[in-house]
Amino acid sequence: MGVVFWLLPLVFGASFLLTWALRCYALRRDLIDIPNARSSHVIPTPRGGGVGIVLSLLIVLPIIAWMGLISWTSMWALWGAGCSVAVLGFLDDHGHIPARWRLAGHFLAAAWVLFWLGGLPPLELFGLTLELGWWGHVFAMFWLVWHLNLYNFMDGIDGIASVEALAVCLGAAAIYAIVGHPDDTLVPVLLATAVAGFLFWNFPHARIFMGDAGSGFLGIVIGALSIQAAWLAPKLLWCWLILLGIFIVDTTWTLTWRLLRGARIYEAHRSHAYQVASRRFGAHLPVTLGVLAIDVLWLLPIALIVGLEWLDGAVGLLIAYAPLVWVVTRLKAGHSDELATRL
């Protein structure tokens, strides 16, 4: 395992340098996000830096599979889905791909993950084991596509998507190690390391944005890791769902309310709870640090308790999500931008 520790600085360094190179490339090619009425930033900023995360992880995955540190089935699941989603996002960052074609690509990537991982295993719910069969695979496919897209929706202020990925992946790795799956910590840790290299450039005030290539990649890979965790032990899927609580609750609540009031959910808006909070604070940093604090001080302890089987997974999820739902309702997430800002 000594070789693995050499991989961490190499992955961090690769992500760091690639992000720097991508920033130079974006500046030369004028790939700049210009602030508008629907933006949460006020300074024109290069985009597409998440490709550094993508390349850093995709290069190392075959290496650790060749070393026997992960299975080839896991490698192909993550590599194929992550690469395809990143390419789709990269092309969209450089031009425009109609939403229906992007969504079709997302479903194909989700199907690829489930093919290699064997679909969704039986789940545990309130002490009962549920054999969902093909319905479970369909549910898992929609979960992967939803998580991919919600990660894109939540990548709207400096550092938030990177900090979430760091906290969730390192938190999951810690739980794996504590509950008896230390060999499965490697990929989450490597992904967190790649994100850390990018975060140097993305931490408020960001010098480059992640872009759809990076956010989509993180969404599909983290989603795939959650499905893989269910095969290790059903309780670990609940752990991932709890750790991802901020992004799941904010996006699901916000888009549900937008649908109910007849808004087009695919149009740009600023009514997510984190966007409302950033306007009230007048800065991105307090919100990004708040997300980190909630992840570490609230969601991680509950996820660990579930991992240790001291609490049922579904019960733990309800406990974890309850205050998050209260926060997004207080911030009027999903309401009109004007109303959310005023109340």
Side-chain angles (χ1 to χ4, degrees), residues 35-42 143 146-147 149-168 171 203-206 215 219 222 238-306 311 313-343:
N36 56 47
R38 300 298 184 184
S39 302
S40 294
H41 64 289
V42 296
W143 154 245
W146 175 233
H147 187 260
N149 283 278
L150 75 81
Y151 221 94
N152 189 15
F153 297 146
M154 293 294 291
D155 180 30
I157 63 172
D158 298 351
I160 189 171
S162 306
V163 163
E164 176 76 355
L166 269 173
V168 169
F203 198 74
H205 295 287
S215 61
I222 292 174
W238 291 108
C239 294
W240 279 93
L241 295 176
I242 291 168
L243 291 170
L244 291 165
I246 292 176
F247 275 29
I248 293 173
V249 170
D250 192 342
T251 303
T252 304
W253 186 274
T254 299
L255 297 190
T256 298
W257 269 105
R258 284 178 61 79
L259 278 172
L260 290 175
R261 64 185 183 85
R264 297 175 180 174
I265 61 173
Y266 55 83
E267 288 185 345
H269 62 94
R270 297 193 304 166
S271 61
H272 282 283
Y274 77 91
Q275 292 170 317
V276 177
S278 70
R279 293 197 296 278
R280 294 192 182 182
F281 280 109
H284 295 186
L285 182 59
V287 181
T288 298
L289 293 180
V291 167
L292 178 61
I294 294 170
D295 283 338
V296 174
L297 301 178
W298 176 246
L299 298 177
L300 177 58
I302 296 174
L304 177 58
I305 291 171
V306 169
L311 183 67
V315 174
L317 184 138
L318 292 174
I319 293 171
Y321 282 18
L324 303 181
V325 172
W326 180 82
V327 170
V328 298
T329 57
R330 291 286 295 175
L331 290 171
K332 301 296 180 183
H335 292 270
S336 66
D337 294 350
E338 295 76 14
L339 178 62
T341 303
R342 186 169 65 250
L343 294 178

**Prompt:** When you look at Tyr321 and Ile248, which way does the side chain to side chain contact (heavy atoms under 4.5 Å, CB included) test go after all the steps?
**Reply:** CA-CA 9 Å; Tyr321 282 18; Ile248 293 173; 3.3 Å; yes
**Request:** Applying side chain to side chain contact (heavy atoms under 4.5 Å, CB included), run through Trp146 and Leu255 and close with a yes or a no.
**Result:** CA-CA 12 Å; Trp146 175 233; Leu255 297 190; 3.5 Å; yes
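Within the 3.5 Å criterion, the main-chain N or O of Trp326 finds a donor-acceptor partner in the side chain of Thr329. A donor-acceptor contact shorter than 3.5 Å links the side chain of Arg279 to the backbone of Arg270. His284 places a side-chain N or O within 3.5 Å of a backbone atom of Asp158 that can act as its donor or acceptor partner.
For Asp250, the side chain to side chain donor-acceptor pair (under 3.5 Å) criterion is met by Thr254, His272, not counting sequence neighbours. Considering only residues two or more places apart in sequence or on other chains, Trp238 meets the side chain to side chain donor-acceptor pair (under 3.5 Å) condition with none of them. Legend: residues meeting side-chain contact (heavy atoms from CB on, under 4.5 Å) with Ala161, ordered by chain and number and at least two apart, are Tyr151, Asp155, Met210. When the ring-ring contact (aromatic ring centres under 6.0 Å, His included) test is applied to Trp143, the partners found at least two apart in sequence or on another chain are His147. By the side chain to side chain donor-acceptor pair (under 3.5 Å) test, Asp295 pairs with no residue at all, sequence neighbours left out. Residues passing the side-chain contact (heavy atoms from CB on, under 4.5 Å) test with Pro286 are Phe281, Ala283, sequence neighbours excluded. Evaluation of the side-chain contact (heavy atoms from CB on, under 4.5 Å) rule for Ile305 yields Trp310, Leu311 as partners, not counting sequence neighbours. Partners of Val327 according to the side-chain contact (heavy atoms from CB on, under 4.5 Å) rule, which considers only residues two or more places apart in sequence or in another chain, are Leu331. Taking Ser215 as the reference, Asn152 meet the side chain to side chain donor-acceptor pair (under 3.5 Å) condition, with sequence neighbours excluded.
Once rounded to the nearest 0.5 Å, the distance linking CD1 of Ile242 with CG of Leu318 reads 9.0 Å. Rounded to the nearest 0.5 angstrom, Leu300 CG and Leu304 CG are separated by 6.5 Å. The distance from the CG atom of Leu166 to the CG atom of Leu292 is 8.5 Å, given to the nearest 0.5 Å.
In this structure, the side chains of Glu164 and Val291 come closer than 4.5 Å at one or more pairs of heavy atoms. Counting heavy atoms from C-beta outward, Ile160 and Tyr274 have side chains that approach closer than 4.5 Å. Residues Leu324 and Trp253 fail the side-chain proximity criterion, which asks for heavy atoms closer than 4.5 Å. Side-chain contact between Val315 and Ile319 is present, with heavy atoms from C-beta onward closer than 4.5 Å.
The minimum heavy-atom distance between Gln275 and Ser271, with the atom names listed, is OE1-N, 3.3 Å. Taking each heavy atom of Leu299 and Ala320 in turn, the nearest pair found is CD2-CB, 3.8 Å. Between Ala273 and Ala333, the shortest heavy-atom contact is N-CB, 3.7 Å. Closest approach of Gly316 and Ile302 over heavy atoms only: O-CG2, 3.5 Å. Across Ala303 and Cys239, no two heavy atoms sit closer than the pair O-SG, 3.2 Å.
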